Amino acid sequence: MSAVAEEFITEDGRKIGAVVMEMKNITLKFGGVVAIKDISFDIRQGEIRAIIGPNGAGKSSMLNVISGFYHPQEGEVWYKGARRPTMRPYQVAAQGIARTFQNIALFEGMSVLDNVMTGRLTHMKTNMFQQGLWYGKARAEEIENRQKAEEIIDFLEIQAIRKTPVGRLPYGLKKRVELARALAAEPSILLLDEPMAGMNVEEKEDMSRFILDVNDEFGTTIALIEHDMGVVMDLSDRVVVMDYGKKIGDGTPDEVRNNQNVIDAYLGVAHD
Amino acid sequence: MFYRESGDFKTTYIDDDQTFPIKFDRYRYYAVMFVAFAIIPFMVNDYWVNAIFLPFLIYSIAAIGLNILVGYCGQVSLGTGGFMAVGAYAVYKLMTAFPDVSIVFHIFAAGAITAAVGVLFGLPSLRIKGFYLAVATLAAQFFLVWLFNRVPWFYNYSASGQINAPERTVFGEAVTGPNVNAWAVYLICLVFVTITALIARNLTRGTLGRKWMAIRDMDIAAEIIGVNPLTAKMSAFAVSSFFIGISGALFFAVYLGAAETGEAFGITKSFLILFMIIIGGLGSIFGSFAGAAFLVLLPVFLKVVGADWLGVPTDIVAHFQLVIVGALIILFLVLEPHGLAQLWRVAKEKLRLWPFPH
């Protein structure tokens, strides 16, 4: 680990910190299908790290490996300077990694507030008996966490819908509520799986602003998958490019933009 | 007019989190509690208690229990009858083994024993979902009934195979056995209903309730957000079975007095409780009460109307009762699939705007 520089200056002149998560030679197979092949990359403290690639490149699988949903056959995940043992997703969440999903995965039957409060689960410690009694510890904890949840709700400007059942909300707002739920966990790394899929320009601008604000105000490290190249190049500090499960590029947006392998993967290459 | 939140400002999260945030609702709730505790006990007679109040109260506890499992946590169970039987036989064994201990402790202990059994039979839920889980819990139903029928230790080797509740008192007043007063059995059940409903409400509005609902709505997302599916599902089975166990204990000891498993706690009981929560509304404490009231009161109401008012022979009334109840259930589910609780919610929405709906 010591070989890696402690600091890194991005293209925009932003200073980002040391490596917080490192993927080492990850290989993930489903039967005979190799979804991810021998990929290594790192995520630095406080940066916005984009993972891009054509459809089926293995980007979401990569995120699923990070969040403990898939267990790679080969390779290691290093988190905060230690090798992470094989973990279930809820254990990963307890370590401070939160995520959103490509297809919204909110709890439709619950209100926006309850969804955001669910995001704070990893911070709530009272047991079943204290909660059954309610008065005392459970209520104090509930109020304390409600305060945090309300801060997130304010931050993402969804105050007006806090008591609305999620099922009734339009798509764009659902995406925002999902971000709120992930943020409520106060994660050290936030994984966003296509946060802008299916949004119009205005909604994309809003979401981009929120992502930048989150990174700026809370200092949250963000890893995101996105197809909109304009957004990716604008937002991210560094980019990993994947194609057919392999890493074909890694670096700052400018480096990636001028990488011949990346251009070939996106535009196709002449066979002669 | 008076049923609305405007002007009723909440300035703390504690105020905002209370069970009945609207003032009128709160007063209505106090009024219901007052009538239930201070007026009804003086007016009831044996008929009212045995035909209406006891079954309603006891089934309410079971419905709340099942609603926690099915409505809140999304784990379908058909083992309710079997779990009620566990509560009944547990309380019977405890009553006969420790005659000096108060029956109140026995009933809670029976609930705890049922919770343990519920967790055991809930283990398959970690692997299977939906209809398949329903079939697995059905196995629990048949196994438990078989167990209590075939192992004489459970019914203390009595010749008839039945269990009979000996007389026990609370504060000097008999609540089980043949010499009970109507108001006493009513009150003991009411106390248990109040306690269990409060516990259920507290659990479902807090962290545990959100874990259950998260598992119900999307188990994958729940796990990613930090819900341990094992503890969430097992706690739902435990709490649910605890309530159902208490209900079974009361059903046997206070209501029936004597019971035989296959008859009192058969598969029909499982379906009855399931219908109650479906009609009442899944995922709602109020719905549990509404469903229990509907299925207990409707047959009685039809009997009174048919036999007493219209003078139709009782055997015909008994048959028509089944037909009408069945038809009403179907009608009801077509009109309002989310149950009585949803109907109540819609009514409240309307009432908030009344009389100026714009």
Side-chain angles (χ1 to χ4, degrees), chain A residues 64 67-69 88-101 104-110 113-135 138-147 149-150 162-163 166-167 178 181-182 184-185 191, chain B residues 5 10 12-19 21 68 71-74 112 115 195-232 234-236 238-239 242-243 281-284 338 342 345:
Chain A
N64 283 333
S67 55
F69 210 68
R88 304 283 305 154
Y90 65 91
Q91 295 168 313
V92 174
Q95 283 202 328
I97 298 178
R99 72 170 287 180
T100 65
F101 291 81
I104 301 168
L106 285 168
F107 309 124
E108 299 266 323
M110 297 157 75
L113 180 64
D114 274 339
N115 267 279
V116 179
M117 286 292 281
T118 315
R120 293 212 50 86
L121 273 182
T122 46
H123 298 270
M124 300 178 91
K125 303 279 176 259
T126 51
N127 62 35
M128 198 158 94
F129 302 101
Q130 288 165 327
Q131 286 171 36
L133 207 60
W134 188 248
Y135 292 96
R139 189 166 81 165
E141 185 186 61
E142 179 90 3
I143 299 304
E144 189 189 317
N145 284 287
R146 173 83 188 269
Q147 225 134 19
E150 291 285 350
R162 62 159 78 80
K163 297 263 168 99
V166 164
E178 203 187 10
R181 186 181 66 184
L191 310 172
Chain B
E5 61 270 63
K10 308 282 186 294
T12 63
Y13 290 134
I14 293 181
D15 283 350
D16 195 42
D17 255 356
Q18 57 193 341
T19 306
I68 282 177
Y72 282 96
C73 198
I195 293 172
T196 49
L198 283 176
I199 294 177
R201 166 66 189 156
N202 288 341
L203 287 176
T204 49
R205 70 168 151 178
T207 317
L208 197 59
R210 282 192 290 267
K211 279 185 191 172
W212 291 338
M213 288 188 275
I215 290 281
R216 170 196 70 189
D217 284 350
M218 194 159 284
D219 49 355
I220 292 170
E223 205 176 341
I224 293 268
I225 212 93
V227 179
N228 182 345
L230 174 84
T231 53
M234 288 307 105
S235 61
V239 172
F242 177 71
F243 290 169
L282 292 169
S284 156
H338 297 291
Q342 182 63 23
R345 249 173 256 141

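Letters A, B, ... mirror the listed sequences (proteins, then strands); counts begin at 1. In what follows, every heavy atom counts, from backbone to side chain, and hydrogens, waters and symmetry copies are set aside. What you see is a predicted model; the values in this text were computed from it and never measured.
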Which heavy atom of Glu141(A) sits nearest a heavy atom of Thr207(B), and at what distance? OE1-OG1, 4.1 Å
Please report the shortest heavy-atom distance between Phe107(A) and Ala221(B), naming the atom on each side.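 Of all heavy-atom pairs spanning Phe107(A) and Ala221(B), the closest is CE2-CB, 4.0 Å.
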Distance, nearest 0.5 Å, that separates [atom1] of [X] from [atom2] of [Y]:
| X | Y | atom1 | atom2 | answer |
| --- | --- | --- | --- | --- |
| Thr12(B) | Arg146(A) | OG1 | CZ | 9.5 Å |
| Met128(A) | Asn202(B) | CE | CG | 13.0 Å |
| Arg210(B) | Leu113(A) | CZ | CG | 7.5 Å |
| Thr118(A) | Asp217(B) | OG1 | CG | 9.0 Å |
| Tyr90(A) | Ile225(B) | OH | CD1 | 15.5 Å |
| Met110(A) | Met218(B) | CE | CE | 12.5 Å |

When heavy-atom pairs shorter than 4.5 Å are enumerated against chain A, which of Asn228(B), Val239(B), Thr204(B), Ile199(B) gives the highest number?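 Sorted descending by pairs with chain A, the first entry is Asn228(B).
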Is Arg216(B) in contact with chain A via its backbone, its side chain, both, or neither, using a 4.5 Å heavy-atom distance?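 Contact with chain A: side chain only.
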Is Ala222(B) in contact with chain A via its backbone, its side chain, both, or neither, using a 4.5 Å heavy-atom distance? both
Residue Ile220(B) excluded, over 12 heavy atoms near CD1 under 6.0 Å: no
Proximal component of Met117(A), with respect to chain B [non-hydrogen, under 4.5 Å]: both
Please classify the contact between Glu142(A) and chain B as side chain, backbone, both or neither, with a heavy-atom cut-off of under 4.5 Å.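 Just its side chain gets close to chain B.
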List the residues meeting side-chain hydrogen bond (donor to acceptor under 3.5 Å, both in side chains) with Arg162(A), not counting sequence neighbours, and say none if there are none.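 In terms of side-chain hydrogen bond (donor to acceptor under 3.5 Å, both in side chains), with neighbours along the sequence ignored, Arg162(A) is linked to Glu150(A).
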Which is it for Asp16(B) and Lys163(A) under the side chain to side chain contact (heavy atoms under 4.5 Å, CB included) test, yes or no, and what are the steps along the way? CA-CA 11 Å; Asp16(B) 195 42; Lys163(A) 297 263 168 99; 3.0 Å; yes
Tell me, which pairs form a salt bridge (Lys or Arg N to Asp or Glu O under 4.0 Å) where one or both residues lie in residues 88-101 of chain A, sequence neighbours left out?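 For residues 88-101 of chain A, and leaving out neighbouring residues, the salt bridge (Lys or Arg N to Asp or Glu O under 4.0 Å) pairs sorted by first residue read Arg88(A)-Glu223(B), Arg99(A)-Asp193(A).
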